[in-house]
Amino acid sequence: MNFSKKLINWYSVNKRDLPWRKTQNPYFIWLSEIILQQTQVKQGWPYYSKFTANYPTVFDLAAAKEEDVLNLWQGLGYYSRARNLHASAKYIVNELDGIFPNTYKEIKKLKGVGDYTASAIASICFNEPTAVVDGNVYRVLSRVFGIETPINSTLGIKEFKTLAQKLVDVKQPATFNQAIMDFGSQVCKPKQPLCETCIFNSTCLAFNLNKVSALPVKLNKTKITEKYFNFIVFLVDGDLTLIEKRTKKGIWQNLYQFPLIESKKELTLMEITKRVKVQFELSQLEIRLFNKDVITHKLSHQHLKTKFWVVSTSNLTANTTKIKDLNNYPVPVLIQNFINDFNF
DNA sequence: AAAACGGGGGA
DNA sequence: TCCCCAGTTTT
């Protein structure tokens, strides 16, 4: 029996029961695929439930405010996914009369949709025989076929896509694509894969050459940078504070935060005090450090060494926000954790 | 071709 | 602590 047949047989017995497996509605499939980019099923599931409940159709999503979409996305990370999702919903409604594109080529034109997601939607919703290549597929194929080309090299990306395309069952691409991903996540796992009971273990090159833990090959570890974040938490007359929107490109674009003083080195109380006085035109102020120990917020590519400075004042000229309204604004997890820990 | 982009979970 | 996750976009 060939690779695809064995895989689909395995899937028919072992497929997981997931909410987005009950539909072929491209809007729902699209939603699930965007949510699941670089995100595990367990983490993405509640977000899929929230989004389908709040925005049952693409028209509802298109009509929403970006701020509300980001607020619903809060905590999931990679916030450009939410901004692109919202922009694409408006594009589908305004330019395509609300009709979801139905070919790989047209689907890929949506913001936030690359080769993987376009292949997934085209195959699952429209039976187009285009193969998905995600982290699971790289792992399964590199091991079973003993391919040592780095998966994050230009050559590797082309090589694995070509192989997957050759293997995909053109009669049932949706089943094949979901089968290989499910197999990768449940059996051919990154660590402690279930090789002893694997359906491919008699032919798997990695298993028979004892190279399972060495595959797939990946190059270029991202180096981590350190930054110092000092958030200024104003307390104005007991019930007001000050927040700002991150409008620049970079992390957390369009999310909100307390006024931020960023630096490459640690700043002293004196330096913080001076900068706050100048920036907010305060002659004197009462300032205290909330967290005695620095909070290191770890992202995949940078470590943010963070301090929250609490400033009490009554004569602030800037536009303040009611503390009880803070939950209306999308904020990074780092900020949300502070709001939860700090008893305003 | 390389860097940027979050956060949670598992070993 | 390190690695991985149903990747895409920008530089």
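Worth saying up front: this structure is predicted, and the values here are computed from it rather than measured.
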Assign [X] to base, sugar-phosphate, or nothing according to its heavy-atom contacts below 4.0 angstrom with the strands shown.
{"X": "A:Trp20", "answer": "base"}
{"X": "A:Gln192", "answer": "sugar-phosphate"}
{"X": "A:Ser32", "answer": "nothing"}
{"X": "A:Leu76", "answer": "base"}
{"X": "A:Leu18", "answer": "base"}
{"X": "A:Gly44", "answer": "nothing"}
{"X": "A:Arg21", "answer": "base"}
{"X": "A:Gly77", "answer": "base"}
{"X": "A:Gly184", "answer": "nothing"}

Both distances under 3.5 Å, Watson-Crick or G-U wobble: on that basis, could you give the dot-bracket string for DNA chain B, with [ ] for crossing pairs and | for other-strand partners?
|||||.|||||
Has the side chain of A:Tyr116 got a donor or acceptor atom sitting under 3.5 Å from an opposite partner on the base of C:dG7?
no
Polar pair under 3.5 Å, donor/acceptor by atom type, side chain A:Ser300, base B:dG6:
yes
[N] to [M] separation - [atom1] atoms, rounded to the nearest Å:
{"N": "C:dT8", "M": "B:dG8", "atom1": "P", "value": "22 Å"}
{"N": "B:dG6", "M": "C:dC3", "atom1": "C1'", "value": "15 Å"}
{"N": "C:dA6", "M": "B:dA11", "atom1": "C1'", "value": "22 Å"}

Determine the sole option in A:Thr130, A:Asn177, A:Asp134 for which the side-chain hydrogen bond (donor to acceptor under 3.5 Å, both in side chains) test with A:Ser119 is passed.
A:Thr130
Of A:Tyr78 and A:Lys42, the one whose closest DNA chain B nucleotide lies more 5':
A:Tyr78
Indicate whether OP1 or OP2 belonging to C:dT1 is found under 4.0 Å from a side-chain N or O atom of A:Lys298.
yes
Between B:dG7 and A:His297, is there an OP1 or OP2 to side-chain N/O distance shorter than 4.0 Å?
yes
A:Asp182/A:Arg16 salt bridge by N-O under 4.0 Å criterion:
yes
Intermediate values then yes/no, side chain to side chain contact (heavy atoms under 4.5 Å, CB included), A:Ile124 and A:Glu33
CA-CA 11 Å; A:Ile124 293 171; A:Glu33 293 298 345; 3.9 Å; yes
Mind checking the OG1-OH spacing from A:Thr52 to A:Tyr47? Nearest 0.5 Å is all I need.
14.0 Å
Rounded to the nearest 0.5 angstrom, the CH2-NZ distance for A:Trp10 and A:Lys15 is 11.0 Å
Let's go through A:Asp115 and A:Lys161 carefully: what are the C-alpha distance in whole Å and the side-chain angles of both, what is the deciding distance for salt bridge (Lys or Arg N to Asp or Glu O under 4.0 Å) to 0.1 Å, and is it a yes or a no?
CA-CA 10 Å; A:Asp115 180 79; A:Lys161 177 75 181 184; 3.0 Å; yes
Of residues 157-181 of chain A, the positions that come close to DNA chain B - non-hydrogen atoms, cut-off under 4.0 Å
none
DNA chain B contacts among residues 133-141 of chain A, heavy-atom distance under 4.0 Å
none
Which residue lies more 5' along DNA chain C, comparing A:Ser80 with A:Pro216 via nearest heavy atoms
A:Pro216
Mapping A:Lys191 and A:Gln38 onto DNA chain C by nearest heavy atom, which one lands closer to the 5' end?
A:Lys191
Whole angstrom is fine here: how far is it from CG in A:Leu85 over to P in C:dG7?
16 Å
Round to the nearest Å and state the distance from A:Asn152 atom CG to B:dA2 atom P.
9 Å
Taking the side chain of A:Arg16 as heavy atoms from C-beta outward, which of B:dG6, C:dC5, C:dA6 is closest to it?
C:dA6
Return the nearest nucleotide to the side chain of A:His301; candidates are B:dG7, C:dA6, B:dA4.
B:dA4
Mind checking whether A:Trp45 and A:Leu36 have side chains closer than 4.5 Å, heavy atoms only?
no
So, applying ring-ring contact (aromatic ring centres under 6.0 Å, His included) with A:Phe234, which one of A:Trp309, A:Phe280, A:Phe258 is it?
A:Phe280
